[in-house]
Amino acid sequence: MKCKRCKAQAVVALPSHNTAFCEECFYLFFTRQVETAIRRQKMFGPDDRILVALSGGKDSLTLMLELALQGYDVTGLHIDLGIGESSIQARAKVEAFCRKHSLNLRVLETASVGLAMPDVKKYIKRPVCSVCGKVKRYYFNKVAREEGFDVLATGHNLDDEAARLFANTLRWDAAYLSDQGPSLPAAEGFVRKVKPLYRLTEFETANYAFLKGIEIHSAPCPYSQGASFTNHKQLLGELEHRSPGSKFAFYDGFLRNGRPAFQLLEEEQGDELAPCRECGSPTSTELCGVCRVRMALSEKKREAGELA
Amino acid sequence: MKCKRCKAQAVVALPSHNTAFCEECFYLFFTRQVETAIRRQKMFGPDDRILVALSGGKDSLTLMLELALQGYDVTGLHIDLGIGESSIQARAKVEAFCRKHSLNLRVLETASVGLAMPDVKKYIKRPVCSVCGKVKRYYFNKVAREEGFDVLATGHNLDDEAARLFANTLRWDAAYLSDQGPSLPAAEGFVRKVKPLYRLTEFETANYAFLKGIEIHSAPCPYSQGASFTNHKQLLGELEHRSPGSKFAFYDGFLRNGRPAFQLLEEEQGDELAPCRECGSPTSTELCGVCRVRMALSEKKREAGELA
Amino acid sequence: MIHVRLEPEAKDIELHRIKTVLGLLNRLELRPTMALVVRDGCLLTPDRRLYNNDHVLVRTVTSAG
Amino acid sequence: MIHVRLEPEAKDIELHRIKTVLGLLNRLELRPTMALVVRDGCLLTPDRRLYNNDHVLVRTVTSAG
């Protein structure tokens with residue numbers, strides 16, 4: 001297979017775009033997809049300060065490197081969840097990556113704010129993955145706001161976004177469907193959130209990470225019950241295989257024609273948000289979810305004699 | 001496997017309902033699903049005159065028989081498309097079925113109104129399946145209105161409805177999504193349309209037809225490019241297999257939470273309908289689709305020297 | 001060995017080492033709710049045993065429309 | 001015969017009668033966009049030939065999160 005642009009030996013074949021590229025031309029393709037995402041979804045400009053959520057996986061590190069190469073002002077934020085060897089390794093990968101490429105990095109340890117995940121798993125009855133996701137989103141937003149960043153960027157790719165959309169659609173969850181997308185504007189208490197890789201598939205980010213020599217953290221979290229949305233990703237993968245391009249068409253069509261309907265519905269019926277009485281973050285209840293978990297955890301640990 | 005109700009040898013196992021039935025108890029289950037559909041979706045009452053669209057397939061004949069057994073006032077309408085041996089066989093099956101069960105039947109030949117499908121295929125450049133569907137819907141509605149029926153019933157089952165919904169959702173077609181459902185109220189120029197089998201799967205209607213000894217017309221139409229929505233049915237079948245009940249949940253959730261959003265959107269943006277200047281049927285253009293096809297066909301045939 | 005009539009394809013095949021309806025469906029790559037399985041005019045659930053020289057009808061249910 | 005390293009499972013297997021990357025992916029029941037295939041540090045497209053005694057890395061791309 002030859003590169004469609006320069007006719008050299010191709011290293012990446014992309015059926016959904018009906019094309020194939022050599023390494024250099026693949027970078028060009030990749031960069032243009034990110035540029036198009038940033039421009040069309042009005043994500044940010046050259047003067048914005050961007051906080052990039054870094055888990056250590058291929059997508060977040062790819063995003064960080066690509067934005068830096070495009071000249072944006074990026075700072076990484078890694079949240080250390082304190083889950084034994086897994087968290088230690090993920091953090092080490094992120095730190096080595098940022099050192100190698102001379103990129104700014106902040107690390108926040110959830111244990112330091114009373115939310116070590118092993119404690120959550122031990123004392124809180126709710127599914128740990130759901131609490132963990134909530135805690136991460138909360139602190140990404142909090143750090144971005146408190147340190148004056150203009151926008152929070154995450155490494156979600158097209159497969160992540162399409163699988164999440166598929167799950168929300170199967171349940172017809174109007175609230176989520178009104179509020180899912182690659183670029184969510186700032187709102188009272190929430191920093192702007194963007195997903196510059198939403199036009200690129202998992203396969204494309206994996207190729208980029210491999211070609212750029214990014215050492216990724218790929219061990220699954222020991223608490224995870226298997227990959228989230230994996231079934232949906234497989235079904236959508238099947239659909240894409242039979243009809244290349246249909247995954248992007250599904251997601252893009254939603255942004256154009258689906259989401260507006262649910263936004264209209266939510267305007268008529270949606271919950272009002274008000275500041276949490278503990279931390280000031282926007283919430284539809286009096287006390288926000290993260291403050292509730294933090295308080296419950298501290299009480300349970302006191303009962304168990306682990307706190308003074 | 002034993003019947004969950006009476007402990008006799010089961011003949012039908014239904015994973016989505018986590019149950020199995022003998023023949024008699026399966027009929028009871030089937031009847032109750034149809035009764036629930038009619039009641040919850042306010043389809044019709046005991047005094048309504050019901051026109052049932054009969055293609056000759058298992059679903060339409062099953063619907064006709066079950067409604068007759070429940071004591072409803074039903075009349076069948078078969079549309080003879082004039083497609084050679086295929087149409088002859090389908091019509092023969094429908095006529096034999098109605099004779100056997102002493103059911104009222106009307107037959108309309110599209111050739112008699114200038115719309116024989118072989119001519120459409122020969123002279124009209126649009127996909128014949130799309131024109132054929134349009135013509136059938138048009139005459140089902142026209143006969144129902146002109147002959148004073150209260151409601152038109154079609155044999156669409158849960159798989160048909162879920163696959164169509166899936167296709168409309170993948171494209172996020174807001175107009176179709178605002179207007180899909182098992183019970184569409186009468187509107188200016190349109191008779192009420194209902195799908196009393198929408199809670200029953202293709203597997204369930206196939207079992208019913210087999211057990212009732214219904215001789216079905218199962219040869220595919222010679223013009224068809226393979227079964228419509230078959231890929232989508234397979235994907236949804238996979239989803240259902242992994243998570244029994246998810247097909248109905250997808251469709252039912254749409255009716256509760258998805259459709260209202262698109263109806264709201266269409267109220268703000270939708271096309272206005274007005275009577276067709278030729279036939280009076282409601283249309284968003286001056287001349288309705290069927291009249292346009294009929295005129296084009298008659299002109300092409302005149303040019304070809306087939307009409308005076 | 002069992003004799004299998006496939007519908008609507010109207011094709012006859014013979015299969016070996018099949019012990020149950022579920023085994024037959026798996027061999028044909030059909031999910032249990034994708035086909036009716038009939039022996040001597042009676043519908044069979046997936047758990048039913050099949051025997052040597054059984055004649056079985058397998059009718060897939062997806063409508064051809 | 002070719003030697004295959006599977007990631008992220010960290011498993012080594014050997015496969016026979018494989019002539020192309022596509023054939024390798026098919027044998028592993030992977031669609032072409034579900035995995036990277038690497039030989040001597042270089043990415044291979046599905047049409048590339050594989051040779052006897054090749055050492056190949058197959059890394060599935062679906063993130064484990």
Checklist line | Nearest-0.5 Å distance, CG of residue B:N207 to CG of residue C:L43 | finding: 5.0 Å
Next item on the list: State the CG-CE distance between C:L44 and B:M1, to the nearest 0.5 angstrom.
Entry: 11.5 Å
Check: Which pairs with one or both residues in residues 4-14 of chain B pass side chain to side chain donor-acceptor pair (under 3.5 Å), sequence neighbours excluded?
Finding: none
Check: What residues, two or more places apart in sequence or in another chain, satisfy salt bridge (charged side-chain N to carboxylate O under 4.0 Å, His left out) together with C:R39?
Finding: C:D54
Next item on the list: Decide yes or no for B:P15 and C:T33: does some side-chain heavy atom of the first lie under 4.5 Å from some side-chain heavy atom of the second?
Entry: yes
Within the supplied structure, the quantity of interest is the number of heavy atoms (other residues, nucleotides, ligands) at a distance under 6.0 Å from [X] [atom1]; does it exceed 12?
| X | atom1 | answer |
| --- | --- | --- |
| B:R32 | CZ | no |
| B:N18 | CG | no |
| B:Y139 | OH | yes |

Notebook entry, point to check: Considering only heavy atoms, which portion of C:A10 lies under 4.5 Å from any heavy atom of chain B: side chain, backbone, both, or neither?
Noted result: neither
Checklist line | Atom group of C:V38 that falls short of 4.5 Å from chain B, counting heavy atoms | finding: side chain
With only heavy atoms counted, which part of [X] is less than 4.5 Å from chain C, the side chain, the backbone, both or neither?
| X | value |
| --- | --- |
| B:D159 | neither |
| B:L14 | neither |
| B:A20 | neither |

Next item on the list: For residues C:T45 and B:A10, report the shortest heavy-atom separation together with the two atoms involved.
Entry: CG2-O, 3.8 Å
Checklist line | Residue-level interface, residues 234-242 of chain B with chain C, non-hydrogen cut-off under 4.5 Å | finding: B:E238, B:H241
Note to self: So, using ring pair (Phe, Tyr, Trp, His ring centres under 6.0 Å) as the criterion, who are the partners of B:H232 when residues are at least two apart?
What the structure shows: B:F166
